[in-house]
Amino acid sequence: SAVISQKPSRDICQRGTSLTIQCQVDSQVTMMFWYRQQPGQSLTLIATANQGSEATYESGFVIDKFPISRPNLTFSTLTVSNMSPEDSSIYLCSVEEGRLAGGPEQYFGPGTRLTVT
Amino acid sequence: DAKTTQPPSMDCAEGRAANLPCNHSTISGNEYVYWYRQIHSQGPQYIIHGLKNNETNEMASLIITEDRKSSTLILPHATLRDTAVYYCIVHYGQNFVFGPGTRLSVLP
């Protein structure tokens, strides 16, 4: 399975600032995803990031607030822009690996815990 | 919205089998059943998945009913480190949608 790392692991930021989260995978993958997990909640998909194309955002998430880069098949960044305390969450990167037989498997990074004051 | 329903919480004695149920009555023919778990706000960990046959790996067994409308994840000998939130997801071709999951507490 893919090994995924994220930087930073956690940060405390002031409102109005922006934070860029990096996601690095140890193998080439086509599909990468960014999720948000608000305190005490389940995971919510923010966007799908495929190399060579614009990210596809889910309802309620917009590019101006969460710009995403996907420069190659092993790396992606998510920026949380103009932060407010409501953006305090864990942000998770994940990748999907297909299988010749059986459904695809999705693997998750360790997450970035963001606190906005 | 998640296409699955799970009990919000369960307890299990250490060393006993933990049986976590999941209902997915609207599952379509090409959708797989996946199980993940999340330990104390770490990234979710893949456990197992299946289509219609029962599956077993080093972590768990997955039992899917013949009509595929429900499934059970079995941890054969639960340990304290299995305490986590367990998510049941049905998926094919679209994004994984996480419901609230089942919070499993393994008790000493």
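Letters A, B, ... are given to chains in the order of the sequence lines, protein chains preceding strands, and every chain is numbered from 1. Just the heavy atoms: all of them, side chains too, but no hydrogens, waters or symmetry mates, feed the values below.
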Pair up each side-chain donor or acceptor in residues 80-89 of chain B with any protein partner under 3.5 Å, not counting sequence neighbours, and list the distances.
{"unit_1": "B:Asp82", "atom_1": "OD1", "unit_2": "B:Arg37", "atom_2": "NH1", "d": "2.8"}
{"unit_1": "B:Asp82", "atom_1": "OD2", "unit_2": "B:Thr79", "atom_2": "N", "d": "2.9"}
{"unit_1": "B:Asp82", "atom_1": "OD2", "unit_2": "B:Thr79", "atom_2": "OG1", "d": "3.4"}
{"unit_1": "B:Thr83", "atom_1": "OG1", "unit_2": "B:Leu80", "atom_2": "O", "d": "3.2"}
{"unit_1": "B:Thr83", "atom_1": "OG1", "unit_2": "B:Val106", "atom_2": "N", "d": "3.0"}
{"unit_1": "B:Tyr86", "atom_1": "OH", "unit_2": "B:Arg37", "atom_2": "NH1", "d": "3.0"}
{"unit_1": "B:Tyr86", "atom_1": "OH", "unit_2": "B:Asp82", "atom_2": "O", "d": "2.7"}
{"unit_1": "B:Tyr87", "atom_1": "OH", "unit_2": "B:Gln38", "atom_2": "OE1", "d": "3.2"}

Please flag which part of [X] lies under 4.5 Å from any non-hydrogen atom of chain B: side chain, backbone, both or neither.
| X | result |
| --- | --- |
| A:Leu92 | side chain |
| A:Ser94 | neither |
| A:Gln6 | neither |

**Request:** Quickly, which of B:Tyr32, B:Tyr34, B:Tyr46 forms a ring pair (Phe, Tyr, Trp, His ring centres under 6.0 Å) with B:Phe96? Name it, please.
**Result:** B:Tyr34
**Prompt:** So does B:Arg68 have more than 12 non-hydrogen atoms from other groups sitting under 6.0 Å from CZ?
**Reply:**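 Atom CZ in B:Arg68 is crowded, with more than 12 foreign heavy atoms closer than 6.0 Å.
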**Message:** If you count heavy atoms of other groups shown closer than 6.0 angstrom to CD1 of B:Ile39, is the number above 12?
**Reply:** yes
